[in-house]
Amino acid sequence: MNDVRRPLKAGAGGLAVAALGVVFGDIGTSPLYSLQTVFSIDGGAVKATPDDVYGVISLMFWAVTIVVSVKYVSILMRADNDGEGGVMALAALAQRLYAARAGKAGLLLLIGIVGVSLFYGDSLITPAISVLSAVEGLRIAIPGVDHLVVPIAAVILTGLFAFQKYGTGRVGKLFGPVMLLWFAVIAAAGVPMIIQDPGVLAGLSPTYAVMFFVSHPVIAFAAMGAVVLVITGAEALYADMGHFGRPPIRRAWFFVVFPALVLNYLGQAALILKDPEARANPFFLLFPDWARLPVVILATVATVIASQAVISGAFSLTRQAVQLGLLPPLTVRHTSEKEGGQVYLPAVNTLLFLGVMTVMLVFRSSEALATAYGVSVTGALVVDTLLLLLVARRLWGWGPLKIGLAALVFGGLELTFLSANLSKVVHGGWVPLLVAFAVILVMTTWRKGRALVIKGRIVKEGSLSEFVQAVRDKQVLRVPGIAIFLHPNRDSTPLALRANVERNRVLHKRVIIVTVVIENVPHIHPKEAFEYNDLDFSDDGINHVRVRFGFSDTPNIPRALRRACALGVLDLKAKQIDAASYFVSRGAIRPTRAPGMTAWRKSLFVALAQNAANPAARFALPASRTVTMGSDIDI
């Protein structure tokens, strides 16, 4: 509500350059390892012959064109949720569109959970494979340093994760120009080889992809498992739409990124045709000897930027998941006074760091990591397509023919990618799938556990209207001051409020019960954020305020209540809110043998609840004026 992330204020060109640094890092660094991986699968099943090379290039070009240019940039970016994109925003939008059908809304939420879980699996592989592939360029620039590649990559990644707590606001301004230089360099590297062998341009024809499949169906199918690497990071175009807006991302893609990628891939293909031994590392071998070390340095910086984008995306998605009640409350620190979207989550940062370092030290090369890559990426693509097909019917009025065509083109291609990558599961693809499964388990357990806790609390809390009537009848002693109680609804009594009256036998002269509601939209306009209720009595000083936040907003309760005063929702002054006391209802959760969840999942829920961030911190309540009271809850 109060930290609405609007597109950055800059000129059209400036926004497009800024988008290069945040949106396109992952897909922009894929030339480092994509073509190399294609020619290394199955012991070199794809040969350095014109038919195979043209077939691979054709597959790559049309995969990028169909999935990125058409699906994401031209179509899916139109399906924004109040300006926001990404799988969580898309799932929330779908839920709104199908709100009248409760069964389908629950299914849509589950699809969104699967999508975001796959993103987390991808988040472990991307930093490791990107930085490793860049540092591996040292083998070409300075032969004999193989033993230093992994340690150097480990130091770089350690520094990257350690820097997260300081935010990326300052250095983030350099990301765009650096990535602009990167795209200029990789485009320039491909041009000379294309000039030497202009015939490689024929590889852009879709007929070569078809002929490749017809001539070598088994090999072509296996190659699809590596071709998908050219579209890793495609969802970032959609996910970061709320930060930059649709036009800058489209301009950056069509005028800079897409042409640069195509020129570089064509250059690598021409090099392989000229020198089949270049298959070992066609990217760095495109450059002359004198340029390789500087390019290794530039590539390392570019992959760090790509990794930063993935880490930031994990922070943002986690915060959205917390807001939607899919994860336990976590500590969120804002790293910018101007950009509400720049956040740091210590727990997520630590878990990501441990995961990234583990997969890098286990696989030890980008070629080995490529076997683990792709499963989660293609799974996420399929999830987005499924949600797109559901949304398109209600949002744009697509008929069966249009939906069928989109399902055939997008779904058919992506399911082929997914099928080809399933063979990687036993060779490392299980890693991101295991991570995704763990995230799904945590999200579903937390959501179900919260429902059980709410059910248990309602029994203990009792009716709020009956409590208010009892307070009036018993003439409970009222003491000066304002007491604010956080509570999830206005039907039952906050445990802290009931405990205060029953144990202390007093009540503040002004009692405000605040219910926080996180909506399935990214942001809520301040004038639409509040709903006041006097609970049937206007003279007893006990009121209820419903405060709505979007899932990308920061739920700062004191700031929201000051705004409610300014808007006239509350008949108080802001300085009175600044002196108010806050009461949080919180007790221990005890698992029982009651039905609802299996015993081990109840134990998992209790562990998650014990490690969750304190509600006082989550809602920015002042520590010196916040009291925690309540009673134990059995589930």
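Scope of the values below: all heavy atoms of this structure, side chains included, with no hydrogens, waters or symmetry mates. Source: prediction; values computed, not measured.
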**OP:** Give me the ring orientation class for Tyr238 and Tyr72: parallel if the planes are under 30° apart, tilted from 30 to 60°, perpendicular past 60°.
**Re:**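 Tyr238 and Tyr72: tilted rings.
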**OP:** Could you check whether the rings of Phe258 and Phe254 sit parallel, tilted or perpendicular, using 30° and 60° as the cut-offs?
**Re:**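 Answer is perpendicular, since the angle exceeds 60°.
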Does [X] reach the side chain of [Y], with side-chain heavy atoms less than 4.5 Å apart?
X: Met224; Y: Phe213; value: yes
X: Val362; Y: Val431; value: no
X: Leu273; Y: Tyr54; value: yes
X: Leu266; Y: Val262; value: yes
X: Leu285; Y: Glu277; value: no
X: Phe410; Y: Val67; value: no

Subject >> Test log, rule side-chain contact (heavy atoms from CB on, under 4.5 Å), inputs Asp384 and Lys71 >> reply: CA-CA 10 Å; Asp384 281 347; Lys71 174 187 161 183; 3.9 Å; yes
Subject >> Test log, rule side-chain contact (heavy atoms from CB on, under 4.5 Å), inputs Leu59 and Val38 >> reply: CA-CA 11 Å; Leu59 283 174; Val38 171; over 6 Å; no
Heavy atoms only: give me the nearest [X]-[Y] pair and the separation to one decimal.
X: Val87; Y: Val116; value: CG1-N, 3.8 Å
X: Arg393; Y: Tyr98; value: NH1-OH, 4.1 Å
X: Tyr120; Y: Ala314; value: OH-O, 4.0 Å
X: Ser365; Y: Glu136; value: CA-OE2, 3.3 Å
X: Thr416; Y: Phe221; value: O-CE1, 4.1 Å
X: Val150; Y: Arg364; value: CG2-O, 3.6 Å

Subject >> Working for side-chain contact (heavy atoms from CB on, under 4.5 Å), residues Arg139 and Asn281 >> reply: CA-CA 10 Å; Arg139 295 172 179 169; Asn281 200 321; over 6 Å; no
**OP:** Quickly, which of Leu20, Val23, Val257, Val301 forms a side chain to side chain contact (heavy atoms under 4.5 Å, CB included) with Met179? Name it, please.
**Re:**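 The single option meeting the side chain to side chain contact (heavy atoms under 4.5 Å, CB included) with Met179 is Leu20.
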Subject >> Reference residue Ser366; test side chain to side chain contact (heavy atoms under 4.5 Å, CB included); the match among Thr37, Leu32, Ile129 >> reply: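 The option that passes is Ile129.
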Original post:
Quick check: are there more than 12 heavy atoms from other residues, nucleotides or ligands sitting under 6.0 Å from CZ of Phe437?
Top reply: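 No, CZ of Phe437 has 12 or fewer neighbouring heavy atoms, counting only those of other groups under 6.0 Å.
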Original post:
If you draw a 6.0 Å radius around CH2 in Trp396, do more than 12 non-hydrogen atoms from other residues or ligands fall strictly inside?
Top reply: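 Atom CH2 in Trp396 is packed in, count exceeds 12.
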Original post:
Judged by modelled atom types alone, do Tyr265 and Ser30 share a side-chain donor-acceptor pair under 3.5 Å?
Top reply: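 Yes - a donor-acceptor pair under 3.5 Å links their side chains.
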Ignoring hydrogens and angles, tell me if any N or O in the side chain of [X] forms a donor-acceptor pair with the backbone of [Y] under 3.5 Å.
X: Trp62; Y: Leu204; result: yes
X: Asp197; Y: Ala270; result: no
X: Arg279; Y: Ile272; result: no
X: Gln268; Y: Pro31; result: yes
X: Ser58; Y: Ser205; result: yes
X: Arg292; Y: Phe287; result: yes
X: Ser133; Y: Ser130; result: yes
X: Ser74; Y: Ser69; result: yes
X: Trp182; Y: Gly28; result: yes

Subject >> Check against side-chain contact (heavy atoms from CB on, under 4.5 Å), Val256 and Phe24 >> reply: CA-CA 10 Å; Val256 179; Phe24 300 103; over 6 Å; no
What's the spacing between [X] [atom1] and [Y] [atom2] if we round to 0.5 Å?
X: Asn264; Y: Ile186; atom1: CG; atom2: CD1; answer: 5.0 Å
X: Leu317; Y: Ser117; atom1: CG; atom2: OG; answer: 10.0 Å
X: Asp122; Y: Thr232; atom1: CG; atom2: OG1; answer: 7.0 Å
X: Leu286; Y: Leu271; atom1: CG; atom2: CG; answer: 5.5 Å
X: Leu422; Y: Phe417; atom1: CG; atom2: CZ; answer: 13.5 Å
X: Thr303; Y: Leu298; atom1: OG1; atom2: CG; answer: 9.5 Å

